[in-house]
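In what follows, a single structure is set out as structure tokens and then discussed.
In what follows, residues are counted from 1 in the order of the sequence shown.
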Amino acid sequence: MVTFIIVLIIVGLIAGLIARLLLPGRDPIGLIGTIVLGIVGSFVGGFLQNLIQYHKVNIHSFHTVGIIGSIIGAFILLLLMRLSGTERGRSRRRRY
């Protein structure tokens, strides 16, 4: 169990860093935010892989995918964070 958590953190860090490198711009999320981005991106990548491979949405079959799927999922998640304006430290101003 401890080995799984360590591997999850390392893969999350690698996937989060690569996703942040592929999407230019500043992201004030820090090291722990990068790790969480990679871990959540791994689950998003697993969900997308399941959707593409089996053509159905099955909530109970979430699973992690390889590093490529983790990077793609983290990239999509980071893009959604930027588009929604939910990054920490930035406020979204509305113009009327």
Side-chain angles (χ1 to χ4, degrees):
M1 183 68 175
V2 174
T3 306
F4 173 73
I5 293 172
I6 292 172
V7 169
L8 191 67
I9 289 172
I10 292 171
V11 169
L13 178 64
I14 292 170
L17 283 174
I18 293 174
R20 287 181 65 186
L21 285 173
L22 290 176
L23 195 64
R26 289 186 61 168
D27 298 307
I29 58 175
L31 184 64
I32 294 182
T34 303
I35 293 171
V36 170
L37 173 72
I39 292 171
V40 174
S42 178
F43 287 107
V44 169
F47 175 75
L48 291 175
Q49 186 262 345
N50 190 33
L51 188 63
I52 291 170
Q53 186 176 5
Y54 300 113
H55 304 294
K56 62 181 178 179
V57 178
N58 191 357
I59 297 173
H60 300 291
S61 68
F62 280 130
H63 57 281
T64 58
V65 292
I67 190 71
I68 303 288
S70 299
I71 293 169
I72 292 170
F75 183 83
I76 291 170
L77 188 66
L78 187 60
L79 189 63
L80 288 175
M81 280 176 48
R82 286 192 184 175
L83 290 176
S84 67
T86 58
E87 294 175 359
R88 191 181 78 193
R90 274 180 57 181
S91 62
R92 201 168 168 124
R93 295 183 184 186
R94 294 186 179 197
R95 295 183 183 196
Y96 295 104

*Hey, is CD1 on I32 packed in by over 12 heavy atoms from elsewhere, all under 6.0 Å?*
no

*Output the distance between atom CD1 (I71) and atom OG (S42), rounded to the nearest 0.5 Å.*
10.5 Å

*Any salt bridge (charged side-chain N to carboxylate O under 4.0 Å, His left out) involving residues 32-50? Give me the pairs, sequence neighbours left out, ordered by first then second residue.*
none

*In Å, rounded to the nearest 0.5 Å, how long is the span from CG of L23 to CZ of R82?*
4.0 Å

What donor-acceptor contacts under 3.5 angstrom involve side-chain atoms of residues 5-18, with partners at least two apart or in another chain?
none

*Partners of I76 by side chain to side chain contact (heavy atoms under 4.5 Å, CB included), sequence neighbours excluded?*
L48, I72, L80

*Going only through I, L, V, M, F, W and Y residues with side-chain contacts under 4.5 Å, is there a path from L21 to L31?*
no

*Answer with yes or no whether the hydrophobic clustering places V40 together with L83; edges join I, L, V, M, F, W, Y residues whose side-chain heavy atoms lie under 4.5 Å apart.*
yes

_side-chain hydrogen bond (donor to acceptor under 3.5 Å, both in side chains) contacts touching residues 15-24 (sequence neighbours left out)_ = R20-T34

_Under the salt bridge (charged side-chain N to carboxylate O under 4.0 Å, His left out) definition, can you give me all pairs with a residue in residues 39-51, not counting sequence neighbours?_
none

*For residues 32-49, pull every pair meeting salt bridge (charged side-chain N to carboxylate O under 4.0 Å, His left out), keeping only residues two or more places apart or in separate chains.*
none

